[in-house]
2 protein chains.
Amino acid sequence: MNEMTQPTPRTTLHEELVGKLREMIFSGELRGGDRVPEQKLCDQLGVSRTPLREALKVLGNEGLLELLPNRGARVATLSEADIDEIFPVMGALEALSGELACANLTDAEFAEIRAMHYQMALHHTRGELAPYFQLNRQIHDAILKAARNPTLEAQYNALVGRIRLARYWSNMSKERWDQAMKEHEEILSALEARDGKLLSGILSQHLENKRRTVRQAFREGGTEVQGTGVAYD
Amino acid sequence: MNEMTQPTPRTTLHEELVGKLREMIFSGELRGGDRVPEQKLCDQLGVSRTPLREALKVLGNEGLLELLPNRGARVATLSEADIDEIFPVMGALEALSGELACANLTDAEFAEIRAMHYQMALHHTRGELAPYFQLNRQIHDAILKAARNPTLEAQYNALVGRIRLARYWSNMSKERWDQAMKEHEEILSALEARDGKLLSGILSQHLENKRRTVRQAFREGGTEVQGTGVAYD
DNA sequence: TGCTACTAAATTGTATGCAAAAATCAACAC
DNA sequence: GTGTTGATTTTTGCATACAATTTAGTAGCA
């Protein structure tokens, strides 16, 4: 009766592998352009090729891997064109998430977002980039969650995943950082007023500005960062 | 030298299968809720389970199939909640496509869309629903193409695929049909003026109206139609 | 040296085999 | 008639085996 194995994995191997491989890509263990040799990964992860290959097909379909017939998989890379392509779509989705969030946000959720906002503002004044980025992301995530639309969430996260293939800090200028912080003030006040249309417009512009920042970092070959994935705002 | 086989399929079996299975779902050969027995499909398609299973995983990730651990795959079904969830996202994407199309549309492309529009108007006045639907779809596709954003296209088409799981005509009322036609007049004129913001708003509203129509058809259990997938406007 | 042709090794694509889990069904008790 | 138990069949998950394709490596030659 006393099973010392997993309580109940209740998941298939290939699903786990999808998650693991995603993490390996985001963490930089697998870098853009790298080949993904099946056998080597199988040995490393202790599974056979069958479930691994199933996972590769899924990630290929998501755009995180590039699958070349008879020539294996490569971690996808991001071009400037890709960035210019993906951000507008993210912008449209984030704008929608803002609008829906305004319609559905509870007071408790708003309070939490406000708390994160002020914490983030503190990091901004102190010039602490990394924790700023983390809170920034949590805020956007909270808004997305508040939209109460899993399909929207999934689509958005798929795009975030692709953007994370570009793994560098945006070397954000002081001006851009201040600007971003100002945009976040507007985001918070639109949220508080539950003004969906207003928030939607702000977020759309916010994402367009992000695009420019990331694009520039890409051009300049921004500082690579280990293990955290891309951070931007 | 004279190979009488395929010129060169240049594609893997699992990719073909993804396409074939999608078609089988859209055509209604596989209906929502149906189990997808691996062995039976393998015999039917003349392939082994390995590539088929790879395809199933991909379609599961796309939301066209529901994958239950140890219990196989089922063709996904669409609930009212799903419709309410998916259409707003499609609306945001279609609004973006309109905006980008206005920025990128060539005169030739516009001319073609206008031609399709008038053809569609003709079918409307004649009360020919099926060809109306077809042209309607072609017009929206042409706008999407004109946006010149493959990522947007892919995301949009994934959602259209899920909506197509609901396989019935929207029993469109005369009023709604007239209204839809009027919206299409506005779409055409905004396109001609290359007024992105305007078109974006029209399309967003247009999709919200579609949502209501489809939702109602769903509620009323609209007339099922064989082989064409869902049609709506 | 640089190029081509050919061979061998490695890697991928597909099929098959086997163990584990679920579904089916029949006998039985109530 | 209903519901439960347990054996049998079916189906799925994963591993392995084999075939096909690509890659690498080497020898031959200009």
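Proteins get letters first, then strands, A, B, ... in listed order; numbering begins at 1 in each.
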Item checked: CD (Q134(B)) with more than 12 external heavy atoms under 6.0 Å -> no
Side chain to side chain contact (heavy atoms under 4.5 Å, CB included) partners for [X], two or more places apart:
X	result
L13(B)	E16(B), V47(B), P51(B)
T50(B)	S48(B), E54(B)
T77(B)	none
A95(B)	S200(B), S204(B)

Quickly work out the [X] [atom1] to [N] [atom2] distance and round it to whole Å.
X	N	atom1	atom2	result
L52(B)	dT11(D)	CG	C1'	13 Å
R71(B)	dT24(C)	CZ	P	10 Å
N70(A)	dA20(D)	CG	P	12 Å

Item checked: Axial bend angle, the helix from dT1(C)-dA30(D) to dC30(C)-dG1(D): five-pair end segments, nearest 10° -> 10°
Next item on the list: With a 4.0 Å heavy-atom cut-off, tell me which residues in residues 53-66 of chain A come close to DNA chain C, sorted by residue number.
Entry: R53(A)
Checklist line | DNA chain C-proximal residues of residues 32-43 of chain B, any heavy atom under 4.0 Å | finding: none
Margin query: Applying salt bridge (Lys or Arg N to Asp or Glu O under 4.0 Å) as the test, list every pair that has at least one member in residues 35-44 of chain B; sequence neighbours left out.
Written below: E38(B)-R49(B), E38(B)-R53(B)
Next item on the list: With sequence neighbours excluded, give me every salt bridge (Lys or Arg N to Asp or Glu O under 4.0 Å) pair touching residues 88-97 of chain B.
Entry: none
Nucleotide N/O of nucleotides 15-18 of chain D paired with protein N/O under 3.5 Å:
{"from": "dA15(D)", "atom 1": "OP2", "to": "S48(A)", "atom 2": "N", "distance (Å)": "2.8"}
{"from": "dA15(D)", "atom 1": "OP2", "to": "S48(A)", "atom 2": "OG", "distance (Å)": "2.7"}
{"from": "dA15(D)", "atom 1": "O5'", "to": "S48(A)", "atom 2": "OG", "distance (Å)": "3.4"}
{"from": "dA15(D)", "atom 1": "N7", "to": "T50(A)", "atom 2": "OG1", "distance (Å)": "2.8"}
{"from": "dT16(D)", "atom 1": "O4", "to": "T50(A)", "atom 2": "OG1", "distance (Å)": "3.2"}

Checklist line | Check: R162(A) side chain, I86(A) main-chain N or O, donor-acceptor pair, under 3.5 Å | finding: no
Item checked: Among L144(B), D141(B), N149(B), the one residue meeting side-chain contact (heavy atoms from CB on, under 4.5 Å) with S97(B) -> L144(B)
Checklist line | Which residues share a salt bridge (charged side-chain N to carboxylate O under 4.0 Å, His left out) with D34(A), sequence neighbours left out | finding: none
Could you tabulate the donor-acceptor pairs under 3.5 Å formed by side-chain atoms of residues 17-25 of chain B, not counting sequence neighbours?
{"from": "R22(B)", "atom 1": "NE", "to": "E62(B)", "atom 2": "OE1", "distance (Å)": "3.3"}
{"from": "R22(B)", "atom 1": "NH2", "to": "E62(B)", "atom 2": "OE2", "distance (Å)": "2.7"}

Margin query: I'd like to check L199(B) versus E99(B) (side-chain heavy atoms, cut-off strictly below 4.5 Å). Are they in contact?
Written below: no
Margin query: One thing to verify: whether K145(A) and E112(A) come together as a salt bridge, which I'm taking to mean a side-chain N less than 4.0 angstrom from a carboxylate O.
Written below: no
